[in-house]
Amino acid sequence: AGPFRDPRTGTAPVTRGLRHSDIAPALILLGISAATLATVYASQYIGGLQPCELCLYQRWPWWGVLALAAVASLPALSVNLRMLLVLVAGLVLLGGASLAFFHVGVEQHWWPGLASCSSGGQIPGSFEQLQQLMQRPAPACDKPAWTLLGISMAGYNAILSVVMGAWALVTAAAALLGKKESLHSG
């Protein structure tokens, strides 16, 4: 059976009792949040797109989802706790979608942005970098740095956050309600 297998069950100890369908939503959220964060940081540090203050705020929900999904991916968790974490991640994503939608509204001049919306959010590493940063105008929240098909990064974030948030809520709710129904039907 192999050195890493339980001789009684023939399964690896880490995966004993774990169904792939139970952990899949957490792994999907983990992958999408990591890819989203990698994209925004690559656009900043490789592509040269400087984020405005609202852009920086929109990263925090993705960091929260990354942390929740990482914990939810732990094999030792019960399915109910895992799905509860996926449900919370869905709520965090919907909160992030509202922030992204607010940013889209600022970009479209539907409403004003924050009073602090003109700071660049970059931390200088030296006095020379601080001087350069102070001479360069900070990105404004009402001017998208990049668009594709007329949609800004904030717009794509709103779309992705709504889709993934709704998916996480529906997936977690179905799993949690399905567990309850199976407990009462027996």
Side-chain angles (χ1 to χ4, degrees), residues 23-73 85-173:
I23 201 167
L27 293 175
I28 289 168
L29 286 172
L30 186 68
I32 296 221
S33 58
T36 300
L37 288 166
T39 300
V40 298
Y41 283 106
S43 71
Q44 179 180 352
Y45 292 108
I46 297 170
L49 298 177
Q50 291 305 308
C52 71
E53 185 146 355
L54 286 175
C55 293
L56 295 172
Y57 290 155
Q58 288 175 79
R59 296 176 184 184
W60 286 106
W62 288 106
W63 279 111
V65 170
L66 185 78
L68 288 165
V71 172
S73 298
L85 290 169
V86 168
L87 185 109
V88 171
L91 293 173
V92 169
L93 282 168
L94 292 180
S98 64
L99 180 59
F101 181 73
F102 174 76
H103 192 183
V104 169
V106 171
E107 291 174 340
Q108 298 298 318
H109 303 284
W110 297 336
W111 45 72
L114 304 175
S116 60
C117 221
S118 62
S119 70
Q122 187 176 9
I123 299 172
S126 68
F127 183 71
E128 290 81 24
Q129 287 178 346
L130 176 62
Q131 286 178 319
Q132 290 172 355
L133 186 62
M134 291 173 65
Q135 293 171 358
R136 185 177 65 212
C141 295
D142 64 346
K143 294 179 180 68
W146 177 89
T147 62
L148 177 65
L149 303 174
I151 302 173
S152 68
M153 287 181 81
Y156 284 109
N157 183 27
I159 293 166
L160 182 61
S161 295
V162 165
V163 168
M164 291 308 300
W167 172 82
L169 288 178
V170 168
T171 300

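Predicted, not measured: the structure shown is a model, and the values here were computed from it.
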Query raised in the report: Judged by atom type as modelled, is there a donor-acceptor pair below 3.5 Å linking the side chain of W63 to the main-chain atoms of L37?
Result: no
Query raised in the report: What pair of heavy atoms forms the shortest contact from A69 to L30, and how long is it?
Result: CB-N, 3.5 Å
Query raised in the report: Is H103 close to S152 at the side-chain level, that is, under 4.5 Å between some pair of heavy atoms?
Result: no
Report summary line: In terms of heavy-atom contacts, L114 and L54 come closest through CD1-CD2, 3.7 Å
Query raised in the report: Of the non-hydrogen atoms in A97 and V162, which two are nearest, and what is the gap between them?
Result: CB-CG2, 3.5 Å
Report task. Evaluate the side-chain proximity of T171 to I28: yes if any heavy-atom separation is below 4.5 Å, no if none is. Result -> no
**Report entry** Non-hydrogen atoms of F101 and A158 that approach each other most closely
**Finding:** N-CB, 4.1 Å
Report task. Would you name the heavy atoms of S73 and L27 that are closest together and state the gap between them? Result -> OG-CD2, 3.6 Å
Query raised in the report: Under the 3.5 angstrom rule, does the side chain of S98 hit a backbone N or O of G95 as a donor-acceptor pair?
Result: yes
Requested in this report: Classify the angle between the aromatic ring planes of Y156 and W146 as parallel (below 30°), tilted (30 to 60°) or perpendicular (above 60°).
Outcome: tilted
Query raised in the report: Should W62 and T39 count as side-chain neighbours, where that means a heavy-atom distance under 4.5 Å?
Result: no
Query raised in the report: For the residue pair A154 and A100, what are the closest heavy atoms and their distance?
Result: O-CB, 3.5 Å
Query - side-chain contact (heavy atoms from CB on, under 4.5 Å) involving L169 - partner list, sequence neighbours excluded - result: L87, L91, L94
